[in-house]
Every structure is written in C-alpha cells, then in structure tokens.
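What follows is a single structure, written as structure tokens, with notes after it.
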Amino acid sequence: MIAICLIAALSATTVYATMVAYGSEKAGYMVCTKQLRKKTDTFDDSALNKTYRSYMNYGVKVWKDSGVVTLKRKSSSINKVVMTKSDSRSLAWTYTWGDSRNGKIQQFEIWFNTRQMSKRGKSGNQAIAAHEIGHAIGLLDLYEKRNRDKLMYGIENKEVVKPTKADIKGGKYATRK
C-alpha cells in the first residue's frame, strides 16, 4: 500500500515536471508543453454583450501592443469567448486543446463568469480578459507571492492590467514560430 502511494506521488511530480516546458515561478512566467506554438489567431465573441466585448477589446489590444500576438474577430472561428452565470467563485477560465502530434493549440474557449465579474469594476474585468488571453496563447497561472505584479498571477490582483516584461517574454516563447 505504501509503495503504491509513493509511485502515485512520484508520477504526479513527473507529470507536472513535464507539463512546464519553459519558464518557472522564479522566472515570472510558465508555458505549458502542449501550448508551445500557436496555430490560430482568430476568435468569435459574438455571444458576448457590448460590455464584455469591450473587455475582450482591451485584452486583445494590450497583447497586440506588447508585440506578442494579434488576435482578430472572426464569426466562423472555432475559438469561442462566451459568458456564463456560474455558481463557481472563479471569475473566468480558459480551455485549450492541443494537437498531440505537433503541440500547437488547435482551439481555445474563454468563459467569463458574469455572476462574479458583475461585482467588479471595468479595469479589473479588462485585466481578467487580458489574463485569460494569456492562457489562450499558452501561459500558465503563477502562484508564488513574488509574482503578484504579473498579469498571469493566478490570484486576483486588481493592480496589474496588462502584460509585464515577464508575461511578454513567456508569451513570445509560447507563440514562437
């Protein structure tokens, strides 16, 4: 019984170690192996209302201004941005699907939890959109306190509203050709 638990613990550690392909908490950014390269640069946010679309506009603009990626609206895109009224305490979340053959992102979905986001101000919600776009291009959440000043910090931070130098460095690695 003890041996089985030890193997499971070692396996979990190994899986995590292989998930992070580049960067670290110390570096201030992390990129997931399945998301090393980006295949698509379009998204469909037609399901959003005007307010939430403005949050996406902001997120798209700050990532474009950073020189990392230019995302474009396209109603036929397989990448969706939607709203939900979830009971979850999460403000938003992003799903990505990667191609196991080449590691490129094939598809992403960004979900805004309007039940939680409606309790926040405009700049905080803009930052959420920018953060979720970071996930869509391949960046992972950071959790160490040293990274509170990064957009990809995984715990709410109302002061960071656009990608920092470290976020940009990770984003450029994640979207490299």
Side-chain angles (χ1 to χ4, degrees), residues 5-38 43 52 55-56 58-60 62-63 65-69 71 79 81-84 86-98 103-105 107-176:
C5 293
L6 180 59
I7 291 168
L10 289 174
S11 296
T13 303
T14 304
V15 170
Y16 176 77
T18 59
M19 278 180 51
V20 177
Y22 190 69
S24 65
E25 288 275 354
K26 187 175 181 180
Y29 57 88
M30 292 190 299
V31 179
C32 185
T33 55
K34 76 171 188 167
Q35 301 167 328
L36 290 175
R37 296 186 182 145
K38 185 155 176 14
F43 65 95
Y52 284 82
Y55 302 151
M56 272 304 288
Y58 175 84
V60 166
V62 297
W63 278 106
D65 290 351
S66 74
V68 172
V69 65
L71 297 171
N79 303 306
V81 184
V82 298
M83 301 184 309
T84 184
S86 170
D87 287 332
S88 166
R89 295 183 70 195
S90 296
L91 297 164
W93 50 90
T94 297
Y95 298 104
T96 59
W97 292 267
K104 293 181 180 180
I105 291 175
Q107 183 178 353
F108 65 82
E109 288 182 3
I110 297 174
W111 291 68
F112 293 127
N113 186 356
T114 59
R115 180 165 283 147
Q116 296 299 328
M117 289 177 69
S118 66
K119 301 172 188 176
R120 301 170 45 85
K122 179 180 175 181
S123 67
N125 288 336
Q126 289 172 329
I128 290 169
H131 176 93
E132 295 306 319
I133 291 170
H135 288 311
I137 66 172
L139 295 174
L140 298 173
D141 280 328
L142 301 168
Y143 290 105
E144 289 184 4
K145 288 182 181 180
R146 74 171 93 205
N147 291 312
R148 284 182 293 201
D149 63 340
K150 311 290 187 301
L151 180 65
M152 295 311 298
Y153 186 61
I155 301 168
E156 183 180 2
N157 186 345
K158 297 177 182 177
E159 296 165 13
V160 182
V161 296
K162 62 183 182 179
T164 64
K165 286 181 183 181
D167 295 311
I168 292 167
K169 186 173 182 180
K172 285 183 177 180
Y173 183 83
T175 59
R176 75 193 190 286

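Sequential numbering from 1 along the given sequence is applied to the chain's residues.
- Taking the six-membered ring for Trp and thresholds of 30 and 60 degrees, Phe112 and Tyr52 have ring planes inclined between 30 and 60 degrees apart.
- Take Lys165 and apply the side chain to side chain contact (heavy atoms under 4.5 Å, CB included) test, not counting sequence neighbours, and it matches no residue.
- Residues passing the side-chain hydrogen bond (donor to acceptor under 3.5 Å, both in side chains) test with Glu109, sequence neighbours excluded: Trp111.
- Every residue two or more places apart in sequence or in another chain that forms a side chain to side chain contact (heavy atoms under 4.5 Å, CB included) with Thr94 is listed here: Thr96, Ile110, Glu132, His135, Ala136.
- Nearest approach of Ala92 to Ile128, heavy atoms of both residues: CB-CG2, 3.6 Å.
- With sequence neighbours excluded, the residues that form a side chain to side chain contact (heavy atoms under 4.5 Å, CB included) with Ser86 are Thr84, Ser88, Trp93, Asn113.
- Closest approach of Ala27 to Ala166, counting heavy atoms only: O-CB, 4.0 Å.
- Listed by chain and residue number, Lys61 satisfy the salt bridge (Lys or Arg N to Asp or Glu O under 4.0 Å) test with Asp65 (two or more places apart in sequence, or in another chain).
- The closest side-chain heavy-atom distance from Val160 to Tyr153 is not below 4.5 Å.
- Distance CG/Leu142 to CD/Glu25: 5.0 Å, rounded to 0.5 Å.
- The salt bridge (Lys or Arg N to Asp or Glu O under 4.0 Å) check on Arg115 picks up Asp87, with sequence neighbours excluded.
- A distance of 9.0 Å separates OH in Tyr143 from CE in Met152, rounded to the nearest 0.5 Å.
- Of all non-hydrogen atoms in Pro163 and Val62, the two that sit nearest each other are CD-CG2, 3.7 Å.
- Residues satisfying the side-chain hydrogen bond (donor to acceptor under 3.5 Å, both in side chains) test with Tyr55, not counting sequence neighbours, are Asn125.
- Side-chain contact between Leu140 and Val31 is absent, with no heavy atoms from C-beta onward closer than 4.5 Å.
- Contact record, Phe43 with Phe108: CB-CZ, 4.0 Å, taken as the closest heavy-atom pair.
- Contacts of Lys26 classified as side chain to side chain contact (heavy atoms under 4.5 Å, CB included), with partners at least two apart in sequence or in another chain: Ser24, Arg146.
- Taking every heavy atom of both residues into account, Val60 and Leu71 meet most closely at CG1-O, 3.5 Å.
- To the nearest 0.5 angstrom, Trp97 atom CH2 is 9.0 Å from Asn79 atom CG.
- One distance of note links CD1 of Ile168 with NZ of Lys150; it measures 12.0 Å at 0.5 Å rounding.
- The backbone N or O of Val68 lies less than 3.5 Å from no partner atom in the side chain of Trp63, so there is not a single donor-acceptor pair.
- Partners of Thr164 under the side-chain hydrogen bond (donor to acceptor under 3.5 Å, both in side chains) rule, at least two apart in sequence or in another chain, are Asp167.
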